[in-house]
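Structure incoming, see below.
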Number of protein chains: 2
Amino acid sequence: MLHPEGRDRSSVTLAGRSPTLPTRERILRVASGLFATRGYHATTTREIAAAVGIRQPSLFHHFPSKEAILQTLLSSDLDVAVPNAEALAAAEGSASVRLYRYLGQDVAHLANSPYNLSGLYTEEVMRDPAFAPWVRKRARLHAAIERILADGVASGEFVDMPVSIVREAITGVLLRTLTLYSGQDRGGDPGFCEQIVSLVMRAVLIDPSRLPEIRRQAERNRS
Amino acid sequence: MLHPEGRDRSSVTLAGRSPTLPTRERILRVASGLFATRGYHATTTREIAAAVGIRQPSLFHHFPSKEAILQTLLSSDLDVAVPNAEALAAAEGSASVRLYRYLGQDVAHLANSPYNLSGLYTEEVMRDPAFAPWVRKRARLHAAIERILADGVASGEFVDMPVSIVREAITGVLLRTLTLYSGQDRGGDPGFCEQIVSLVMRAVLIDPSRLPEIRRQAERNRS
DNA sequence: GTCTATAATTGGATAGAC
DNA sequence: GTCTATCCAATTATAGAC
């Protein structure tokens, strides 16, 4: 008997169809893309399954729930980003160089990830009690960034604005601009990434003419 | 018989309970807040009704559908923002002053609106075919902003980056930072708004020392 | 590991009394 | 204009065959 979902797989993503990847991995890639473009709650398990090329119940062999798919994606990002940011927050060196390094790492990670991570940090996800542990992890990331920003304000390198607002603005820029580029395996166009980082640095630097020198220092002695 | 939804209205917003406002208006305010914090698709009509203090079916006396609530909110924003931006895109004067004016208008509108507008321009909403007409309207807004940005690049006032990326970055900053402040009727703290505008201007200006002069010009002869 | 079939729940929306 | 009662569709998840 023909299943009502049919067999049409014409509008399926490349990542989802790639036959060399294990199904679990294809699910993560496809789901991250759908979460980013349609939102977490609006994305159905049927859509994910269809894009992967399997039936909806087959998803549950690889993940115990839809939540678990998102949680896996959150871990893949935060388990890298939090230690990076905390190390930079505690490191020696000028706040400008440390912020540049953080931004460079973050942008590169977002742009090079096989997943589209821009659907993870929306209000609809972050306010959902199911993801509270990851919200706490993310709070540590925020605290680390704000420590770097506060150092820069104290040293006179950064404009004197509330650090939580600036951090929120930075998050907004990164998520919004990299939506278009993440999860697409394009090697993350290093020129583009550097432009985004420079845009953010100019916004916070009191003296943006220092930017080339900061860039040079940030790229030297990459820890 | 006691209805399963109960009568608990303890966690209800001020805007929703305000007894002087017509119900239709209270629905819009409450719904905009829920869309912003929980997302459009994750917000149920039952939640909206509970926060307003009525039963779920009563909503449909004021709006034909949940979609219509969001469409009303979209109109309230875009019907103001698009003409403003298009007028500035076609106006005389330096690109810097025009961008400053646009940002000032937009930030003030977002901060002073009785609605929390930050839940409207998410991917889950903008990619939904039901809202395609508003996506087209918004494209006109984007085009107007990009015209101002392109003017500034051509005149040497703005850093030379792809205007669509910069426009996306600006959108990200505004939506993210003003989430916390919009729809809260706090008069929109003019100092805070100016800080956000300045942050954005510094990011795009080749010579940020011009900022005080630009601000003075933008605030003179307010069209 | 994937399938069909289906359970269990929740969602938006309608009917009609008051 | 709000209510109760309810419909119908869609959703996540499970059971069990292959």
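Every chain is numbered from 1 and lettered A, B, ... according to where its sequence line falls, protein lines coming before strand lines.
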**Report entry** Toward the 5' end of DNA chain D, by each residue's nearest nucleotide, B/P57 or B/T23
**Finding:** B/T23

Query raised in the report: Residues two or more places apart in sequence or in another chain: which of them pass ring pair (Phe, Tyr, Trp, His ring centres under 6.0 Å) with A/Y100?
Result: none

Requested in this report: Using whole Å, report how far OH of A/Y40 lies from C1' of D/dT11.
Outcome: 12 Å

Query raised in the report: Hey, is the side chain of A/R55 poking within less than 4.0 Å of OP1 or OP2 on C/dT4, counting only N and O atoms?
Result: yes

Report summary line: A/I69 CD1 to D/dT11 P, in whole Å, measures 15 Å

Report task. Using whole Å, report how far CD1 of A/I27 lies from P of D/dT12. Result -> 14 Å

Query raised in the report: For the residue pair B/L78 and B/W134, what are the closest heavy atoms and their distance?
Result: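 For B/L78 and B/W134, the tightest heavy-atom pair comes out as CD1-O, 3.6 Å.
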
Report task. For B/D151, check side chain to side chain donor-acceptor pair (under 3.5 Å) against everything at least two apart and list the hits. Result -> B/R98

Query raised in the report: Could you give the CD-to-C1' distance, from A/Q56 to D/dT11, as a whole number of Å?
Result: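 In whole Å, D/dT11 C1' lies 8 Å from A/Q56 CD.
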
Report summary line: A/I54 CD1 to D/dA13 P, in whole Å, measures 14 Å

Query raised in the report: With sequence neighbours left out, what residues match B/E123 under side chain to side chain donor-acceptor pair (under 3.5 Å)?
Result: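 Applying side chain to side chain donor-acceptor pair (under 3.5 Å) to B/E123 gives B/R127.
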
Query - Distance in angstrom units between A/R38 CZ and D/dA10 P, rounded - result: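 The distance from CZ of A/R38 to P of D/dA10 comes to 14 Å, rounded to the nearest Å.
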
Report summary line: side chain to side chain donor-acceptor pair (under 3.5 Å) filter on B/E25, not counting sequence neighbours, yields B/R29, B/Y115

Query - Stretch residues 58-65 of chain A: residues that reach within less than 4.0 Å of DNA chain C through a heavy atom - result: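 Result for residues 58-65 of chain A: A/S58, A/H61, A/H62, sorted by number.
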
Query - Atom-pair distance (CG on B/L70; P on C/dG12), nearest Å - result: 13 Å

Report task. Would you kindly give the CZ-to-P distance between A/R46 and D/dT14, to the nearest whole Å? Result ->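 Distance, rounded to whole Å: 15 Å.
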
Query - Partner set under side chain to side chain donor-acceptor pair (under 3.5 Å) for A/Y102, not counting sequence neighbours - result: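 In terms of side chain to side chain donor-acceptor pair (under 3.5 Å), with neighbours along the sequence ignored, A/Y102 is linked to A/D106.
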
